[in-house]
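To start, the structure under review is shown below, and the notes come after it.
The sequence lines fix the lettering, A, B, ..., with proteins before strands; numbering per chain opens at 1. These numbers were taken from a predicted model, which means no experiment stands behind them.
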Protein chains: 2
Amino acid sequence: MSFSSRHAISTHILMVLACCPETKASSDMLATSVNTNSVVIRRLLAKLRDAGIVKVQKGADGGYSLARVPSHISLWDIFEAVEELPLFNVHQSPPNPCCSVGACVERLLASVYEEAEDSIRALLSDKSLQDLVNDIAKS
Amino acid sequence: MSFSSRHAISTHILMVLACCPETKASSDMLATSVNTNSVVIRRLLAKLRDAGIVKVQKGADGGYSLARVPSHISLWDIFEAVEELPLFNVHQSPPNPCCSVGACVERLLASVYEEAEDSIRALLSDKSLQDLVNDIAKS
DNA sequence: CCATATGTAACAGCATCGGTTACAATTGTC
DNA sequence: GACAATTGTAACCGATGCTGTTACATATGG
């Protein structure tokens with residue numbers, strides 16, 4: 001199973017916020033850019049708010065803005081905020097412990113999966129929102 | 001969304017086959033070790049057969065065995081055989097192209113996601129079934 | 001011929017995702 | 001204070017995917 005599009009959508013939203021640092025954006029405006037419903041946007045922004053990535057002002061003339069500079073928001077920060085971890089699942093029902101493989105396969109795989117998650121974390125942590133904004137200019 | 005347990009189950013099955021290279025294993029016996037239904041096992045083995053990882057003998061006294069030595073079966077081979085690629089999804093409906101971010105965000109993210117997938121591929125390709133079998137002995 | 005296997009379709013139960021409607025709560029402006 | 005704009009969130013829908021199960025067709029060794 002692949003990941004949801006939540007990371008892609010969230011990154012999209014945050015890039016828009018990063019491009020207009022002076023103004024607050026409403027969920028409606030962001031939904032138009034992403035081409036989806038504003039509730040979908042608000043749900044994601046609630047997670048990003050809980051993770052301390054965006055600031056929210058409620059009420060009339062309210063809206064969303066980044067809680068810190070784009071160079072200090074990594075793609076992994078976003079991933080952690082909106083996706084479920086861990087990336088890999090082991091067995092749902094525990095394997096038969098009487099089998100010599102069954103007795104230890106979960107532990108062995110958990111270690112491999114941890115390494116895999118680490119490599120993704122390292123890679124996404126190394127790329128900031130600011131990097132992506134700079135890439136727009138370059139292209 | 002995390003991955004399914006298919007990779008973990010498949011690796012488990014293949015480790016059992018690797019441990020008994022002389023004998024064929026039935027889906028029923030493998031299901032007992034994994035602690036699930038034999039149809040679940042046969043479904044996975046059909047994918048592994050299509051990928052050229054296991055050999056199948058049908059009929060009475062039939063069963064499954066590895067199609068090549070465990071040192072030449074990597075965890076990535078297994079992953080490719082039973083999981084859907086790509087790992088990451090971009091937007092479902094295309095973003096608004098009138099927005100300067102919307103116009104290019106998919107392309108920028110696709111490049112990041114490709115790097116992430118490459119790093120997972122490299123890591124899993126580097127670990128063979130034989131390595132895991134050796135790990136059993138070590139533990 | 002029969003017992004034992006695999007192959008696979010069909011269905012159920014469950015979870016998650018993305019989208020939508022509806023409405024409560026908050027807050028700036030007049 | 002009234003009102004309009006906005007966020008917060010619950011509730012529901014349809015689609016999809018995963019795991020497990022039953023059922024049955026097919027193949028094959030003895």
Every protein N/O within reach of nucleotides 28-30 of chain D N/O, cut-off under 3.5 Å:
| unit_1 | atom_1 | unit_2 | atom_2 | d |
| --- | --- | --- | --- | --- |
| D:dT28 | O2 | B:A60 | N | 3.2 |

For C:dT6, does OP1 or OP2 lie under 4.0 Å from any side-chain N or O of B:S38?
no
Is any side-chain nitrogen or oxygen of A:T36 closer than 4.0 Å to OP1 or OP2 of C:dG18?
no
So the salt bridge (charged side-chain N to carboxylate O under 4.0 Å, His left out) pairs with at least one residue in residues 19-36 of chain A (sequence neighbours excluded) are A:K24-A:D61
Can you sort out the partners of [X] under side chain to side chain donor-acceptor pair (under 3.5 Å), two or more places apart, ordered by chain and number?
| X | result |
| --- | --- |
| A:E84 | none |
| B:S119 | A:S119 |
| A:S33 | A:H12 |

For [X], check side-chain contact (heavy atoms from CB on, under 4.5 Å) against everything at least two apart and list the hits.
| X | value |
| --- | --- |
| B:S74 | B:W76, B:D77 |
| B:R43 | B:V39, B:V40 |
| A:A110 | none |
| A:S27 | A:S38, A:I41, A:R42, A:Y64 |

How long is the line joining [atom1] of [X] and [atom2] of [N], in whole Å?
| X | N | atom1 | atom2 | answer |
| --- | --- | --- | --- | --- |
| A:I9 | C:dC17 | CD1 | C1' | 12 Å |
| B:L17 | C:dT6 | CG | P | 11 Å |
| A:H7 | C:dT16 | NE2 | P | 21 Å |
| A:E83 | C:dG18 | CD | C1' | 13 Å |
| B:N37 | C:dA10 | CG | P | 18 Å |

For DNA chain D, find the residues of residues 20-29 of chain A with a heavy-atom distance under 4.0 Å and give them by number; none if there aren't any.
A:A25, A:S26, A:S27
DNA chain C contacts among residues 40-56 of chain B, heavy-atom distance under 4.0 Å:
B:R42, B:R43, B:R49, B:V56
Does a side-chain heavy-atom distance below 4.5 Å link A:T11 with A:I9?
no
Pairs of donor and acceptor atoms involving the side chains of residues 122-131 of chain B, under 3.5 Å and at least two apart or interchain, shall be tabulated with distances.
| unit_1 | atom_1 | unit_2 | atom_2 | d |
| --- | --- | --- | --- | --- |
| B:S125 | OG | B:R121 | O | 2.6 |
| B:K127 | NZ | B:D135 | OD2 | 3.4 |
| B:S128 | OG | B:Q130 | N | 3.3 |
| B:S128 | OG | B:D131 | N | 3.1 |
| B:S128 | OG | B:D131 | OD2 | 3.4 |
| B:Q130 | NE2 | B:N134 | OD1 | 3.0 |
| B:D131 | OD2 | B:S128 | N | 3.0 |

Can you tell me how the ring of B:F79 sits relative to the ring of A:F88, calling it parallel under 30°, perpendicular over 60° and tilted otherwise?
perpendicular
